[in-house]
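Position 1 is the first residue of the sequence; numbering continues from there.
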Amino acid sequence: MHTSPPDTTDPAANKNAELPRKRLKPGERRVQILQTLASMLEQPGAERVTTAALAARLEVSEAALYRHFASKAQMFEGLIEFIESSIFSLLNQIAERESSGLAQAQRIVAVLLQFGERNPGMARVMVGDALVYENERLVARMNQFFDKVESALRQALRSAAEASGSSTPTVEAQSQASVLVSFIIGRLQRYARSGFKRLPTEQLDAAMRMLS
């Protein structure tokens, strides 16, 4: 009896064939690595994320990670760059749109807390919890980030103090900006250490009235 060969165009005939994995472009793979690292940092109680665990989550070899990043520290730098570009872009918009110095300062605080709340893994990077076992320059870079935030707050608050007729606007602005940065870091730290249960923006309006 003559039998015809199987129809290879029929999906059912090839249902057991393994589909080739989509090859990502270098830029896409870098983004995927950073997104996966951030998502792993979002796990409550997560401590040090190893490259072995990261590679396993991505289903690639550790060597594949190092084709895109020279070191794990460079991966964390990628996350910090995302934080910096996102936040400072928003702060520039606040400076352009808000004419009141006090309103600018309040928006700056809200923006940082909202960003951390929406990006739990990034919040751990911002307060340094995720950087404890990593390169010291990463901690220094986040310290510089908050120095810049404090500078933006100081500028806004000095403008507010001058508008209210203060005789020492610079001194007032410096002390207020320092308190607000400590408040931001404290709220983000509590968020991270509570397993992301205590939201940074919790009763924010009431807190800002006390700090204003």
Side-chain angles (χ1 to χ4, degrees), residues 17-97 107-149 152 184-185 187-189 191-197 199-201:
E18 185 177 345
L19 294 174
R21 180 178 294 181
K22 180 183 176 183
R23 186 179 293 276
L24 297 176
K25 297 176 182 177
E28 292 174 335
R29 176 64 78 186
R30 282 177 62 90
V31 170
Q32 186 187 52
I33 291 169
L34 293 178
Q35 288 175 335
T36 303
L37 174 58
S39 71
M40 291 176 75
L41 292 172
E42 291 179 10
Q43 303 305 311
E47 294 183 357
R48 188 177 189 182
V49 175
T50 64
T51 52
L54 179 58
R57 178 72 66 90
L58 287 161
E59 298 182 344
V60 300
S61 66
E62 286 186 74
L65 298 180
Y66 292 118
R67 283 198 289 271
H68 302 279
F69 294 94
S71 63
K72 188 167 67 160
Q74 198 176 83
M75 297 176 201
F76 275 99
E77 284 179 337
L79 295 183
I80 294 174
E81 285 168 9
F82 174 77
I83 294 168
E84 291 172 338
S85 63
S86 300
I87 293 295
F88 292 129
S89 173
L90 292 170
L91 298 197
N92 289 336
Q93 291 176 28
I94 291 170
E96 292 170 1
R97 295 173 183 175
R107 285 293 301 139
I108 289 170
V109 173
V111 158
L112 268 93
L113 295 181
Q114 289 165 357
F115 177 85
E117 188 171 306
R118 292 169 185 162
N119 301 277
M122 301 296 186
R124 291 192 61 216
V125 174
M126 291 167 77
V127 298
D129 281 10
L131 306 177
V132 171
Y133 303 105
E134 308 303 333
N135 194 297
E136 288 184 5
R137 77 171 182 272
L138 299 173
V139 177
R141 185 162 174 179
M142 282 316 310
N143 289 341
Q144 290 173 354
F145 166 83
F146 280 109
D147 285 344
K148 291 178 182 177
V149 170
I184 292 166
I185 294 172
R187 279 292 181 100
L188 293 175
Q189 207 159 48
Y191 180 48
R193 294 180 182 178
S194 69
F196 309 120
K197 294 175 183 175
L199 300 181
T201 58

Is there a donor-acceptor pair under 3.5 Å between the side chain of [X] and the backbone N or O of [Y]?
{"X": "S86", "Y": "I83", "value": "no"}
{"X": "R30", "Y": "H68", "value": "yes"}
{"X": "E117", "Y": "T201", "value": "yes"}
{"X": "N119", "Y": "G121", "value": "no"}
{"X": "R124", "Y": "A192", "value": "no"}

Kindly indicate whether the side chain of [X], heavy atoms from C-beta on, has any atom under 4.5 Å from the side chain of [Y].
{"X": "V109", "Y": "R187", "result": "no"}
{"X": "F115", "Y": "M126", "result": "yes"}
{"X": "L90", "Y": "Q93", "result": "yes"}
{"X": "R48", "Y": "V132", "result": "no"}
{"X": "R137", "Y": "E77", "result": "yes"}

| task | Name the orientation class of the two ring planes belonging to Y191 and F196 (parallel below 30°, tilted from 30 to 60°, perpendicular beyond 60°). | result |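 Y191 vs F196 ring planes: perpendicular.
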
| task | Using a strict 4.0 Å threshold on nitrogen-to-oxygen distance, state whether E84 and R141 make a salt bridge. | result | yes

How far apart are the closest heavy atoms of [X] and [Y], and which atoms are they?
{"X": "G116", "Y": "A123", "value": "O-CB, 3.7 Å"}
{"X": "V125", "Y": "M142", "value": "O-CG, 3.6 Å"}
{"X": "L65", "Y": "T51", "value": "CD1-O, 3.5 Å"}
{"X": "A73", "Y": "L138", "value": "O-CD2, 3.6 Å"}

